[in-house]
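All remarks here apply to the structure that follows.
None of these values were measured; they are calculated from a predicted model.
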Amino acid sequence: QVQIVESGGGLVQPGGSLRLSCVASGSWFSMYAMGWYRQAPGKQRELVATITSGGSTNYADSVKGRFTISRDSAKNTVYLQMNSLKPEDTAVYYCNAQLSTSSNFWGQGTQVTVSS
């Protein structure tokens, strides 16, 4: 199996920044993509950003221009740099590792709270 561990969440004021980290460990033949998702209380989990093994990135419209996803393949680590944070960014952020169309692994999540 694949184990996913997220870190870097916390409390930040509006306009501030945070960087989340996601480390994947275990055994797999190939890693197709990794990404960040978030879930606020009472809402569905939504995609934030993804990055493929080839380096292609995709962002939700709500975070374009503010968030940046990056990857260190040698360390099996993905980062999410979050700038200009807004209260509506408050959520539990989850890291996902996709090995195939039907094989996905999730971390336990890290809390991000944006409040003054």
Discussion item. On a heavy-atom basis, which atom in G109 and which in V92 lie closest, and how many Å separate them?
Written reply: CA-CG1, 3.9 Å
Discussion item. Please say yes or no: joined through hydrophobic side-chain contacts below 4.5 Å, possibly via intermediate residues, are Y94 and M31 part of one cluster?
Written reply: no
Worksheet entry | All side-chain contact (heavy atoms from CB on, under 4.5 Å) counterparts of S17, not counting sequence neighbours | Q81, N83
Practice prompt. Find the distance between OG (S27) and CD (Q1) and round it off to the nearest 0.5 Å.
Written response: 10.5 Å
Item to complete: Enter the distance from F29:CZ to L99:CG here, rounded to the nearest 0.5 Å.
Response: 10.0 Å
Practice prompt. First locate atom CZ of R38, then atom CZ of R45, and finally report the distance between them rounded to the nearest 0.5 Å.
Written response: 13.0 Å
Item to complete: Output the distance between atom CG (L47) and atom OH (Y59), rounded to the nearest 0.5 Å.
Response: 11.0 Å
Worksheet item: For A24 and V2, which heavy atoms make the closest approach, and how far apart are they?
Response: CB-CG1, 4.3 Å
Worksheet entry | For T77, all residues meeting side-chain contact (heavy atoms from CB on, under 4.5 Å), sequence neighbours excluded | V23, K75, Y79
Worksheet item: When rounded to the nearest 0.5 angstrom, what is the spacing between CG in N58 and NZ in K64?
Response: 7.0 Å
Practice prompt. Please work out whether the ring planes of W106 and Y37 are parallel, tilted or perpendicular, with thresholds of 30° and 60°.
Written response: perpendicular
Worksheet item: Going from CE on M34 to CG on N104, what distance comes out if it is rounded to the nearest 0.5 angstrom?
Response: 11.0 Å
Worksheet item: Does the distance from a Lys or Arg side-chain N to an Asp or Glu carboxylate O, for D89 and K86, drop under 4.0 Å?
Response: no
Item to complete: Ignoring hydrogens and angles, tell me if any N or O in the side chain of E6 forms a donor-acceptor pair with the backbone of Q108 under 3.5 Å.
Response: yes
Discussion item. Looking at E88, I'd like to know if its CD atom is crowded, meaning that more than 12 non-hydrogen atoms belonging to other residues, nucleotides or ligands lie closer than 6.0 Å.
Written reply: yes
Worksheet item: Tell me, do S25 and Q3 make a side-chain contact under 4.5 Å, heavy atoms counted?
Response: yes
Fill in: Within-4.5 Å side-chain heavy-atom neighbours: S7 and T110
no
Discussion item. Please list all pairs meeting disulfide bond (SG atoms under 2.5 Å apart) that have one or both residues in residues 50-93, counting only residues at least two apart or in different chains.
Written reply: none
Discussion item. Looking at every non-hydrogen atom in both residues, tell me the closest pair between A91 and Q111 and how far apart they are.
Written reply: O-NE2, 3.4 Å
Worksheet item: Nearest heavy-atom pair of K43 and Q39: which atoms, and what distance?
Response: O-NE2, 3.0 Å
Worksheet entry | Check: V63 and W36 side chains under 4.5 Å, non-hydrogen atoms | no
Discussion item. Quick one, V78 with I69, criterion side chain to side chain contact (heavy atoms under 4.5 Å, CB included). Give me CA distance, side-chain angles, the key distance, then yes/no.
Written reply: CA-CA 7 Å; V78 170; I69 188 170; 3.7 Å; yes
Item to complete: Taking the side chain as every heavy atom from C-beta outward, state whether M82 and R66 have any pair of such atoms under 4.5 Å apart.
Response: no
Discussion item. Could you check whether any side-chain N or O of T57 sits under 3.5 Å from a backbone N or O of I51, counting only pairs where one atom can act as donor and the other as acceptor?
Written reply: no
Worksheet item: Which atom pair, heavy atoms only, marks the closest approach of V112 to G9?
Response: CG2-CA, 4.2 Å
